[in-house]
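Notes follow the structure.
Throughout, residue positions are numbered sequentially from 1 according to the sequence presented. Ligands are counted one by one from 1 in listed order, and the atoms in each one are counted from 1 as well.
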Amino acid sequence: MLRTHNCGELRIEDVNKQVTLCGWVQKVRDKGGMIWIDLRDRYGITQLVFDESKSSKNVIQVARSLGREFVIQSSGTVLERYAKNDKISTGSIEIEVDKIEILNPSKVPPFTIEDETDGGDELRMKYRYLDIRRMPVRQNLELRHRMLQQTRKYLDSQHFMEVETPFLIKSTPEGARDFVVPSRVNQGEFYALPQSPQTFKQLLMVSGIDRYFQIVRCFRDEDLRADRQPEFTQIDCEMSFITREDILNTFEGLIRYLFDRVLNYKVGEVARMSYDHAMQYYGNDKPDTRFDMLLVELNDIVQGKGFMVFDEAELVAGISVPGCADYSRKQLDALTDFVKRPQIGANGLVYVKYNEDGTLKSSVDKFYSEEELKLWTDKMNANPGDLLLILSGAKEKTRSALSELRLKMGTDLELRNRNEYKVLWVLDFPLLEWDQDTKRYHAMHHPFTSPKIEDVDRLESNPSIVKANAYDMVINGVEIGGGSIRIHDKSLQQKMFRVLGFTEEEAAKQFGFLMNAFEFGAPPHGGIAFGFDRLCALFGGSESIRDYIAFPKNNSGRDVMIDSPSTISLEQLDELGISLKK
Ligand code: ASP
């Protein structure tokens with residue numbers, strides 16, 4: 001090897017050893033008689049020192065010619081450092097260099113390769129290979145690596161078999177658009193890239209694989225929202241001969257194991273909550289349960305008093321924000337502006353200040369007496385000093401706006417502790433959702449999800465009330481994984497396709513292979529998939545999944561480093577039998 005040690009390895013015990021290191025020049029400090037160089041590699045930084053009075057002319061000359069990011073090999077003696085640096089692991093030693101060789105020079109990098117860099121996002125993405133030389137980025141990839149290894153270790157210990165499934169397939173049922181790949185050999189025909197290996201993992205259950213997993217890339221051609229990637233990684237799993245309970249326990253086990261092994265964090269009780277409960281009390285299906293401030297519905301006590309806004313609303317509901325009764329006009333205006341933002345969409349905000357002295361002051365004093373307002377504070381379990389914030393309107397919209405307001409207040413009041421992880425199962429989702437545009441039901445999860453057995457009879461008569469045997473794992477308000485017990489019976493599957501508005505021919509064309517397989521002894525089965533990039537971001541304490549992907553795409557789905565997507569040559573198009581619209 002070209003080196004005896006790496007740049008993060010040498011300690012005070014190594015003093016007097018002869019060593020050879022390789023790495024990149026991070027910094028050169030030339031103080032006349034002495035030159036210091038910070039040499040960096042994946043493992044750390046080691047200080048090299050050149051003393052003009054001791055080293056050969058040639059060595060000094062090479063040292064003086066070095067620029068940032070030159071790749072060098074240098075040999076010398078480990079010395080105890082006079083001024084120690086306790087910020088780095090090698091800070092008590094330095095290398096007195098007697099031999100140096102430039103292995104490769106470097107152009108001046110477009111941004112500083114240090115923990116704090118002057119490079120903007122786009123520039124760092126363009127030169128992502130340089131960005132990855134920076135310690136924080138490398139540490140993120142290291143975290144991802146540890147998560148990958150521990151995931152495999154746990155699932156292997158539970159007898160899951162890792163099986164790879166193809167990327168060139170046909171449409172899968174996750175509800176997004178497919179990326180398509182034209183076939184040269186079969187002109188006019190196209191593969192689709194998998195949105196997930198859903199159908200294959202179910203086929204593997206028919207094959208008797210019993211416990212399958214794959215850490216797998218999935219592709220979804222969705223409109224890009226912040227922090228979405230067109231390709232992302234899932235921990236994809238499926239099990240046979242199990243109940244929902246077995247799945248919840250097995251994968252609660254995986255998450256506990258990862259927190260323990262990777263963060264040395266012991267996850268407490270994993271709570272369970274129905275979808276209906278989550279929607280009613282948190283306003284969304286991925287509640288952050290690190291704090292309360294639950295939504296309280298107020299229709300029965302606020303309506304019929306002459307305040308039209310409330311009287312006409314499908315839902316009036318509020319939250320009681322602890323200790324904020326002394327909010328100023330300005331603060332309240334800012335909250336009103338917040339809920340009126342188009343992304344949140346509320347028309348206005350009603351407040352009630354429950355003052356410390358027990359008096360009440362509200363923005364709707366004209367319509368409600370103090371006794372009436374007292375009923376509100378009672379129903380909301382408010383204490384003196386609390387501020388009630390109330391929204392009204394259509395049910396879903398009001399819930400979702402209140403949910404945003406609740407999260408904002410949780411953040412403002414520092415109730416969302418970054419070092420605490422609350423793991424939650426959300427259960428019993430609706431099986432179907434009505435789509436106003438297409439006037440059809442869509443599967444809320446995907447069409448292979450089993451209805452709850454007790455609801456099967458209502459599938460055709462009253463589809464909207466049917467619950468799914470589906471579950472999501474939510475951590476600190478982030479949806480980390482989701483799955484379901486599957487339909488394994490051909491006639492129920494056919495019924496489901498009917499409810500979803502597929503003709504028999506359409507269903508057969510798209511998913512006939514699966515329904516045929518179900519005729520050859522499909523075992524009862526179910527599974528789950530975790531968003532691996534998001535799980536890494538959660539473990540790393542970052543909001544952005546991009547930070548945990550080696551070569552991510554930007555917000556418009558571009559890889560600015562390799563400049564993709566890009567056009568292809570006319571010859572390529574010809575071979576594929578494709579002509580482009582002018
Ligand atoms: N294939 C599903 C998804 O990607 C997960 C599952 O049902 O196992 O969301």
Practice item. Give the contacting part of Arg486 toward ligand 1: side chain, backbone, both or neither, where contact means a heavy-atom distance below 4.0 Å. Key: side chain
**Study point:** SB check Arg220 Glu231 (cutoff 4.0 Å)
**Key:** no
Review point. Distance under 6.0 Å and angle within 45° of the ring axis: does Arg406 meet both against Phe291?
Key: yes
Exercise for review: Assess Gln195 for proximity to ligand 1: is some non-hydrogen atom of it under 4.0 Å away?
Suggested key: no
Exercise for review: In sequence, state the C-alpha distance, the side-chain angles, and the governing distance for Lys452 and Asp455, and then conclude on salt bridge (Lys or Arg N to Asp or Glu O under 4.0 Å).
Suggested key: CA-CA 5 Å; Lys452 301 271 280 187; Asp455 287 348; over 6 Å; no
Exercise for review: Report the relative orientation of the aromatic rings in Phe179 and Phe219; use parallel for angles under 30°, tilted for 30 to 60°, perpendicular for over 60°.
Suggested key: perpendicular
Study note, to complete from the structure: Numbered in order shown, the ligand 1 atoms found under 4.0 Å of a heavy atom of Gly483 are 6 (C), 7 (O)
Check your understanding: Any idea which part of Thr449 is under 4.0 Å from ligand 1, heavy-atom wise: side chain, backbone, both or neither?
Key -> neither
Review point. Between the side chains of Asp489 and Ser491, is a donor N or O closer than 3.5 angstrom to an acceptor N or O?
Key: yes
Exercise for review: May I ask you to check whether over 12 heavy atoms, not counting those of Asp223, lie within 6.0 Å of atom CG?
Suggested key: no
Exercise for review: Within a distance under 4.0 Å of any heavy atom of Ala529, pick out the atoms of ligand 1 and give their elements.
Suggested key: 5 (C), 8 (O)
Check your understanding: Should we count NZ of Lys126 as having more than 12 external heavy atoms under 6.0 Å?
Key -> no
Review point. Hey, is Arg220 one of the residues with a heavy atom under 4.0 angstrom from ligand 1?
Key: yes
Point to revise | Closest candidate by heavy atom, reference atom 5 (C) of ligand 1, pool Pro194, Gly531, Ala176, Gly482 | key: Gly482
**Study point:** Proximal atoms of ligand 1 relative to Gln234 (non-hydrogen, under 4.0 Å)
**Key:** 3 (C), 4 (O)
Check your understanding: Taking only heavy atoms of Ile528, which atoms of ligand 1 are found under 4.0 Å from at least one of them?
Key -> 8 (O)
**Study point:** Side chain proximity check, Met293 to Val321, heavy atoms < 4.5 angstrom
**Key:** yes
Practice item. Could you give me the CA-CA distance, side-chain angles and deciding distance for Gln195 and Asp178, then say whether side-chain hydrogen bond (donor to acceptor under 3.5 Å, both in side chains) is met? Key: CA-CA 7 Å; Gln195 294 181 34; Asp178 293 315; 2.6 Å; yes
Practice item. Could you check atom 1 (N) of ligand 1 against the protein and tell me its nearest heavy-atom contact, residue, atom and distance included? Key: Gln198 OE1, 2.7 Å
Revision key, fill the gap. Ligand 1 to Lys201, heavy atom cutoff 4.0 Å, flagged ligand atoms 6 (C), 8 (O)
Review point. Quick check: does Asp236 get an N/O under 3.5 Å from an N/O on ligand 1?
Key: no
Point to revise | Nearest-contact summary for atom 3 (C) of ligand 1 - protein heavy atom, Å | key: Glu174 OE1, 3.5 Å
